[in-house]
Amino acid sequence: MTTASTTDRVALVRAISAQHLADRGPLMPVLHEVMEELGHIARQDIETIADVLNLSVAEVHGVVSFYHDFRTVAPPTHSVALCRAEACQSVGAEALYDDTRARADSLGAGVEVTEVFCLGNCALGPSGTLDGRLHGRLSAERLDALTEGWR
Amino acid sequence: MALTAPTGQVFVPGDAAAVSVGADEVAAAFEAAGSHVVRNGSRGMLWLEPLVEVETGAGRVGYPQVTPDDVAAVLAGGATGIGVVDEHPWLTSQRRVSFARVGVVDPASVADYEAHGGWAGLRRALSLSPAAVVQEVIDSGLRGRGGAGFPAGIKWQTVLDAASDLKFVACNFDEGDSGTFADRMVVEGDPFTLIEGMTITAHAVGASEGYVYVRSEYPHAVAALRRAIDAAYTHGFLGQDVLGSGLTFDLHVRVGAGAYICGEESSMLESLEGRRGEVRAKPPIPAIKGLWGRPTAVNNVLTLCAVPMILSNTADGGPGWQRYAELGTGRSRGTQVFQLAGNVKQGGIVELPFGVSLRELVEGYGGGTLSGRPVRAAQVGGPLGAYVPAAGFDVPMDYEALAESGAMLGHGGIVVFDETVDMARMARFAMEFCSIESCGKCTPCRVGSTRGVETIDRIIAGQDVAANLVLLDDLCETMTKGSLCAMGGLTPMPVQSAIKHFPEDFEPQETESSGAPV
């Protein structure tokens with residue numbers, strides 16, 4: 001990473017933080033926006049946010065580490081999030097999750113398979129998201145078909 | 001032209017469930033064919049999605065499980081449909097109150113909302129004093145629909161009576177329970193109802209700011225809500241001097257970040273304030289010290305969505321609160337929105353007055369399992385609810401009857417399992433889920449859940465089963481009594497119900513497996 005882009009990143013995160021200063025409880029909206037713009041929250045970002053919002057680095061780190069959505073490492077090329085909650089389990093989600101994790105590379109290079117607990121699509125399971133897009137009635141075959149463009 | 005030939009609009013649901021099985025592609029195909037497409041909410045007959053409705057001389061005719069290849073046939077009136085959707089027995093046998101407009105109206109249209117009775121409750125409420133509005137909600141018997149079932153009017157009275165420079169309304173839209181999607185669907189299909197309900201609440205309790213805390217797993221709902229809030233501001237239903245009443249009410253959307261525990265009200269408040277979602281001790285209750293130390297009315301989406309109807313007059317001029325109170329039984333007034341989910345043939349939304357049996361829901365509406373194998377159990381009330389064996393399905397679905405039989409209504413979710421379910425694995429999952437989602441404050445929850453997984457693993461492996469079952473029971477008692485909230489406090493419910501009703505699944509197994517793993 002060049003010094004120039006680090007400076008740009010700091011400036012961007014400062015701007016995002018400053019924009020929410022007038023909101024009540026600005027930290028969660030700031031973290032969401034940083035995630036959206038940059039794909040993950042780096043250590044430097046935590047320090048920048050803490051500085052602008054007048055919070056301690058520990059407080060910001062504490063919030064980032066608490067919530068599943070906030071990632072601290074760069075996002076993958078493609079992501080598969082499969083629901084492992086009860087309703088999806090009742091239609092075979094557990095086996096689908098184990099199988100998909102084991103063969104993640106067969107869906108495409110650098111594909112990350114993670115678990116999620118409930119997408120609110122509980123009558124059309126097994127449910128999951130592919131690069132954030134919701135799909136119901138998933139199976140190994142449907143996953144292969146839907147990810148064809150990743151290979 | 002045939003009677004069922006299309007005469008006007010084509011409705012293709014934009015509800016996330018419909019989208020998950022191809023509704024967006026279907027909508028694009030109809031648009032490409034020159035139709036005027038409306039992205040309505042879902043009727044809640046989810047096994048039929050994408051359920052396309054076409055306006056005809058006879059009414060809105062429905063076509064189930066439509067794909068882009070079916071478009072030409074549907075438009076020519078030649079495809080096989082399910083008849084006029086409003087006349088479908090699934091819908092006509094229900095009592096849709098909170099879901100009255102879902103699937104019917106265009107969720108993006110203020111005018112369509114108004115044409116279907118929208119804003120009448122707010123208009124009438126603004127003509128009453130705050131105390132009078134609170135009294136009508138008390139008299140309706142409305143109980144919180146999140147799961148606790150606390151009388152909404154009593155909560156509002158507490159907020160109204162609390163003196164403060166600033167008060168808030170907070171909507172708990174962190175619908176994280178597996179098997180539940182009613183909040184998601186009503187916001188995607190009829191978002192103005194929630195906005196109207198929150199504005200009435202603000203007037204009733206003296207609040208000027210509202211926050212909707214919505215799960216990040218619900219992006220379609222977030223978009224629908226933001227769009228509706230913008231439209232409400234434009235038309236004067238939010239902001240300064242709402243409808244010229246003098247009420248100022250600003251409504252904000254705040255998105256969660258993947259933590260199940262933020263569905264617990266005090267954890268949600270912590271998250272709204274920008275902190276880790278740790279549960280707060282009560283007292284003080286949020287109605288007195290909620291957001292930023294101020295009196296806050298915290299209510300679930302469905303609770304708030306019942307409010308406009310309660311504050312409106314009926315068609316013959318009678319009070320809405322009385323009509324609401326007359327539905328239901330005993331202390332469970334009004335309607336409940338049941339959600340049929342899991343291994344069920346016909347999943348979706350069933351809104352009925354309290355008192356229908358679980359059997360009627362699972363076998364009558366649900367049609368039994370999707371797999372066709374016998375039903376073995378249903379988990380009622382979410383991941384912290386009990387597993388009810390098929391033999392126990394005659395229980396009436398209301399707060400008191402379910403509690404008496406050792407189960408819990410919760411948010412109304414019902415997850416159906418067929419005979420391949422391994423209840424020991426489900427008990428293990430209950431502990432695993434708790435260990436992942438625990439906020440970490442209470443040792444019995446934070447540590448106990450991990451120990452619970454380990455203990456159940458030993459039972460599943462056949463090690464000292466009798467002794468480990470005693471230990472598990474003891475652990476469950478500790479978690480129940482030693483946890484500040486329902487996360488640790490009710491995790492034992494599914495575990496102990498599984499052991500009680502399905503003890504055979506916890507006995508040492510033969511080496512040949514006796515069923516497919518869940």
Side-chain angles (χ1 to χ4, degrees), chain A residues 20 23-33 35-36 49 53 55 59-71 81 83-95 98 114-130 132-138 142, chain B residues 16-17 19-21 46-47 49 175-181 183-184 209 215-221 252 254-260 271-277 291-292 339-344 347-348 370-371 379 383 413 415-418 421 425-426 429 433 436-437 439 516-518:
Chain A
H20 288 278
D23 296 347
R24 290 192 206 274
L27 183 55
M28 294 283 284
V30 166
L31 292 172
H32 273 305
E33 214 176 308
M35 280 293 298
E36 210 180 292
I49 294 165
L53 297 186
L55 296 167
E59 276 175 298
V60 179
H61 171 79
V63 171
V64 171
S65 61
F66 184 86
Y67 296 92
H68 298 304
D69 283 5
F70 299 143
R71 50 184 307 138
C83 179
R84 278 190 63 223
E86 287 87 349
C88 286
Q89 283 198 33
S90 75
V91 287
E94 201 76 327
D98 290 340
T114 53
E115 64 187 4
V116 69
F117 296 105
C118 200
L119 296 162
N121 195 30
C122 318
L124 293 172
S127 296
T129 60
L130 301 177
R133 237 192 116 188
L134 179 67
H135 296 279
R137 293 281 187 245
L138 285 172
R142 218 157 113 68
Chain B
V19 169
S20 84
V21 289
L46 296 174
W47 75 100
E49 295 296 359
E175 185 184 46
D177 284 354
S178 175
T180 64
F181 40 82
D183 293 354
R184 181 185 67 63
E209 284 176 46
R215 304 176 73 217
S216 62
E217 295 88 340
Y218 284 178
H220 303 84
H252 309 274
R254 288 293 176 89
V255 181
Y260 172 79
S271 190
L272 279 168
E273 294 187 27
R275 288 195 286 274
R276 295 166 64 91
L291 280 173
W292 297 288
Q339 299 123 89
L340 289 173
N343 197 330
V344 68
L370 176 67
S371 65
Q379 186 176 33
V415 180
V416 179
F417 293 85
D418 73 13
V421 66
R425 295 222 67 91
M426 297 317 295
F429 179 73
F433 183 66
I436 293 169
E437 299 294 337
C439 80
V518 178

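In what follows, every chain begins at residue 1, and chains take the letters A, B, ... in the order their sequences are listed.
Contact annotation for H32(A): only side-chain heavy atoms (C-beta onward) come within less than 4.5 Å of a heavy atom of chain B. The parts of R24(A) that come within reach of chain B are both its backbone and its side chain, each placing non-hydrogen atoms under 4.5 angstrom from that chain. Proximity to chain B (any heavy atom under 4.5 Å) is shown, for E86(A), by both the backbone and the side chain. For a residue to count as touching a neighbouring chain, one of its non-hydrogen atoms must lie under 4.5 Å from one of that chain's; by this rule E175(B) does not touch chain A. At a 4.5 Å heavy-atom cutoff, Y260(B) makes no contact with chain A through either its backbone or its side chain. The contact between L46(B) and chain A is made by backbone and side chain atoms together, counting heavy-atom distances below 4.5 Å. Contact of L119(A) with chain B is made through backbone and side chain together, with heavy-atom distances under 4.5 Å. For R184(B), the part sitting under 4.5 Å from any heavy atom of chain A is the side chain, from C-beta outward, and nothing else.
Ranked by heavy-atom pairs shorter than 4.5 Å toward chain A, the options H220(B), H252(B), E273(B), R275(B) are led by R275(B). Of the residues considered (A17(B), A16(B), A259(B), P219(B)), A17(B) shows the highest number of contacts with chain A, using heavy-atom pairs under 4.5 Å. Among the candidates C83(A), G62(A), P29(A), the residue making the largest number of heavy-atom pairs closer than 4.5 Å to chain B is G62(A). Taking S271(B), G274(B), A257(B) one by one and counting their heavy-atom pairs under 4.5 Å with chain A, the maximum is reached by A257(B). Between chain A and the options A341(B), A221(B), G348(B), G347(B), the largest number of non-hydrogen pairs under 4.5 Å is found for A341(B). Ranking R133(A), R84(A), R142(A) against chain B, the residue ahead of the rest is R84(A), based on heavy-atom pairs under 4.5 Å.
With rounding to the nearest 0.5 Å, the separation of CG in D23(A) from CZ in R254(B) is 5.5 Å.
No side-chain heavy atom of C118(A) sits less than 4.5 Å from a side-chain heavy atom of F181(B). Contact check for V19(B) versus L134(A): no side-chain heavy atoms found under the 4.5 Å cut-off.
Using a distance-only test at 3.5 Å, with no hydrogens or angles considered, a donor-acceptor pair links the side chain of R137(A) to the main chain of G125(A).
Side-chain atoms of S216(B) and Y67(A) include no donor-acceptor pair closer than 3.5 Å.
A 6.0 Å sphere centred on NE2 of H61(A) holds no more than 12 heavy atoms belonging to other residues, nucleotides or ligands.
The side-chain contact (heavy atoms from CB on, under 4.5 Å) check on H68(A) picks up I436(B), E437(B), with sequence neighbours excluded. Taking S371(B) as the reference, N343(B), T369(B), R373(B), D418(B) meet the side-chain contact (heavy atoms from CB on, under 4.5 Å) condition, with sequence neighbours excluded.
The pair R425(B)-E94(A) fails the salt-bridge criterion, with no side-chain N (NZ, NE, NH1 or NH2) lying under 4.0 Å from an Asp/Glu carboxylate O.
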